[in-house]
Amino acid sequence: MLQINYIRENIADVKKRLVKKHFKNADQSVDLIIQLDEQKRSIQKQVENILAEENDAAKRIGELMRAKNIAEAESIKVLIPALKDSRKKLEEELQKLEEELYNILITLPNLPHESVPEGRTPEENVNVYHHGEIPTLYDGAIPHWDIAAKYDIIDFELGNKIAGAGFPVYKGKGARLQRALINFFLDEAIKSGYKEIMPPIVVNEASGFGTGQLPDKEGQMYHIGIDDLYLIPTAEVPITNLYRDVIVKEEELPIKNAGYTSCFRREAGSYGAHVRGLNRLHQFEKVEIVQIAHPDKSYQILDEMIAHVKGLLEKLELPYRVLRLCGGDMSFASALTYDFETYCAAQQKWLEVSSTSNFESFQANRLKCRFKNKEGKNQLVHTLNGSAIALPRIVATLLENNQTPEGIKMPKVLHPYLGFEMID
RNA sequence: GGAGAGGUGCCUGAGUGGCCGAAAGGGACGGUUUGCUAAACCGUUGUAUUCGAAAGGGUACCGAGGGUUCGAAUCCCUCCCUCUCCGCCA
């Protein structure tokens, strides 16, 4: 959520940046916010003045009662109903204004960083880095869903039977590969200074709100109605919410946490070839890195997180590229996002395996996560997170790119984790 | 699932109608003392919002929301949450 103070003082800038993010009606929304905010503050002032009078009267009555001066106390008492009456009316109006203001305010997305490219669609994302060669496969190379069946390592049919589409069953070396990747990613995160967190994989509504999934993406999360809990779509939600309503010490920043969790996404509206095999699932495994940062340092930290993810992909020997997302393709809460895509050689497609973002103070404002700055004032922190990394598309790429007539070769770095070198 | 207890500031914990934004202790921070450490002593120590150049002032907040009252942390109602015991279970 954007801070009203910032909007008030930077009207033109806010409008311009909302337009860059392709937010509809940026002009009207901001104008309305400013107008509602002015009305609200004016009425609030009136209400508070009346309250001050009432408080003062009550105090005097108390003093008079103690002095047994009943008559004078009573004479003040009769003045109060009129004050109360006019206050009640103003308060109703105030409440309406506050609600209206809030309802518009939470629909505003975060403002894009100045380095965010103009653009509306994924095609307009800017390729900022690439690494590795696109492999040439032998004749008879097949997509990963066929490989999965051939070696009996991932069973989509069985998943259908016991849960539904998008919930695959990993078997044998397929399951061991999952475990190996999780451990590898966690160990690498720890080496980079992250503290490992194992959070709950369900969260309450307040947490969903804190990181921006609610109310915006209500339909994208699985909801457990009987207990009113949500299955997490990413570990970002519980791990960032650890700091909800917390005032951290400035010298503790940056706070670096990482965690592995299963992630659950309803993916309502997805269908067709995009969802074939591991390309898009309802449940998948992911290691997430999360940082709580000083506002002055957050972009430097974003770069550090980018470097961490690059390192992972390079150790896995995967060809990848890094995209800076354009204004129209960024998520609601993000100020700057880099997507990582690996090249999946049999499908001949780039697949997103990580998304790493700086949310600046957008989430922090919802979370009320602050630190006491040098002037002794509480100031919102910046929050950042990145996938490091989500497993399914990494597995898809490994299977497709490393296939040989003899079997699937595993990258060296995973050998100690796997206990084998080849899926055959 | 059954029964009970409770939600107060960074923590413990007092507070049953006005003098309570809130005792006391602890912690933290600053100072005095000290060769250093410790101890002792003194002081400071909530958030939000608004007015103000500042000093300072107003308003709200004792789980949430309503109500009674001139006045509510305190009384009443509703909801939420936590804890303990019993049962069941990993």
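Note that the structure is a prediction, hence the values are computed from the model and not measured. Proteins get letters first, then strands, A, B, ... in listed order; numbering begins at 1 in each. Note: hydrogens, waters and symmetry copies are ignored here, and every other heavy atom, side chains too, is used.
Between A:K249 and A:G62, the one whose closest nucleotide on RNA chain B sits nearer the 5' end is A:G62. The residue among A:E54 and A:K88 whose nearest nucleotide of RNA chain B lies closer to the 5′ end is A:K88.
Contact of the A:Q379 side chain with the A:R370 side chain is not registered, since no non-hydrogen atoms from C-beta on lie closer than 4.5 Å. Side chains of A:L36 and A:I104 form a contact here, defined as non-hydrogen atoms less than 4.5 Å apart.
If you check B:A73 for Watson-Crick or wobble pairing at under 3.5 angstrom, you find it has no partner at all. The partner of B:G87 cannot be assigned: no Watson-Crick or G-U wobble pair with both contacts below 3.5 Å exists in any strand. Across the strands present, B:A39 finds no partner; the criterion is a Watson-Crick or G-U wobble pair with both atom distances under 3.5 angstrom. In this structure, B:U82 forms a base pair with B:A5, meeting either the Watson-Crick or the G-U wobble geometry with both donor-acceptor distances under 3.5 Å. Pairing for B:U44 goes to B:A28, judged as Watson-Crick or G-U wobble with the two contacts each under 3.5 Å.
Annotation: B:U32 and B:U84 have their P atoms spaced 47 Å apart (nearest Å). For the P atoms, the distance linking B:A24 with B:G43 amounts to 11 Å, nearest Å. A gap of 30 Å separates the P atoms of B:G66 and B:G52, to the nearest Å. Between B:G7 and B:U74, the two C1' atoms lie 15 Å apart (nearest whole Å). One C1' atom belongs to B:A54, the other to B:U47, and the distance between them is 23 Å to the nearest Å. To the nearest whole angstrom, the two C1' atoms, one in B:U16 and one in B:G1, are 35 Å apart. Straight-line distance between the C1' atoms of B:U49 and B:G21: roughly 16 Å, to the nearest whole Å. When the C1' atom is compared between B:G27 and B:U68, the two are found 40 Å apart, to the nearest whole Å.
Using a 4.0 Å heavy-atom cutoff across all strands shown, A:A52 reaches sugar-phosphate atoms only and no base atom. Among the atoms of the strands shown, none is found under 4.0 Å from any heavy atom of A:R60. Contacts of A:N55 with the nucleic acid, taken as non-hydrogen atoms under 4.0 Å apart, involve only primed sugar atoms and P, OP1 or OP2.
Evaluation of the salt bridge (Lys or Arg N to Asp or Glu O under 4.0 Å) rule for A:K96 yields no partner, not counting sequence neighbours. In terms of the salt bridge (Lys or Arg N to Asp or Glu O under 4.0 Å) criterion, residue partners of A:E188 (sequence neighbours excluded) are, by chain and number, A:K191, A:K315. With sequence neighbours left out, A:R60 forms a salt bridge (Lys or Arg N to Asp or Glu O under 4.0 Å) with A:D56.
Aromatic rings of A:F284 and A:F264 (six-membered ring for Trp) have centroids beyond the 6.0 Å cut-off, not under it. Ring centroids of A:H382 and A:F359 are separated by 6.0 Å or more, keeping the two rings apart.
If you check residues 73-85 of chain A against RNA chain B, the residues with a heavy atom closer than 4.0 Å are A:K77, A:I80, A:K84, listed by number. Contacts between residues 363-372 of chain A and RNA chain B, counted as heavy-atom distances below 4.0 Å, involve A:R370, A:K372.
Contact check on A:D37 versus A:R8 returns a salt bridge, with a Lys/Arg side-chain nitrogen under 4.0 Å from an Asp/Glu carboxylate oxygen. Salt bridge A:E288/A:K286: present, at least one basic N to carboxylate O contact under 4.0 Å. Between A:R87 and A:E91 there is a salt bridge, with a side-chain nitrogen of the basic residue lying less than 4.0 Å from a carboxylate oxygen of the acidic one.
A side-chain donor-acceptor contact under 3.5 Å links A:S354 to the backbone of A:S387. Not one N or O on the side chain of A:H144 forms a donor-acceptor pair closer than 3.5 Å with the backbone of A:V395.
Once you apply a 4.0 Å limit to the heavy atoms of chain A, the touched nucleotides of RNA chain B run 5' to 3' over B:G18 to B:G71.
Classified by interplanar angle (parallel below 30°, tilted 30° to 60°, perpendicular above 60°), the ring pair A:F167/A:Y222 is tilted.
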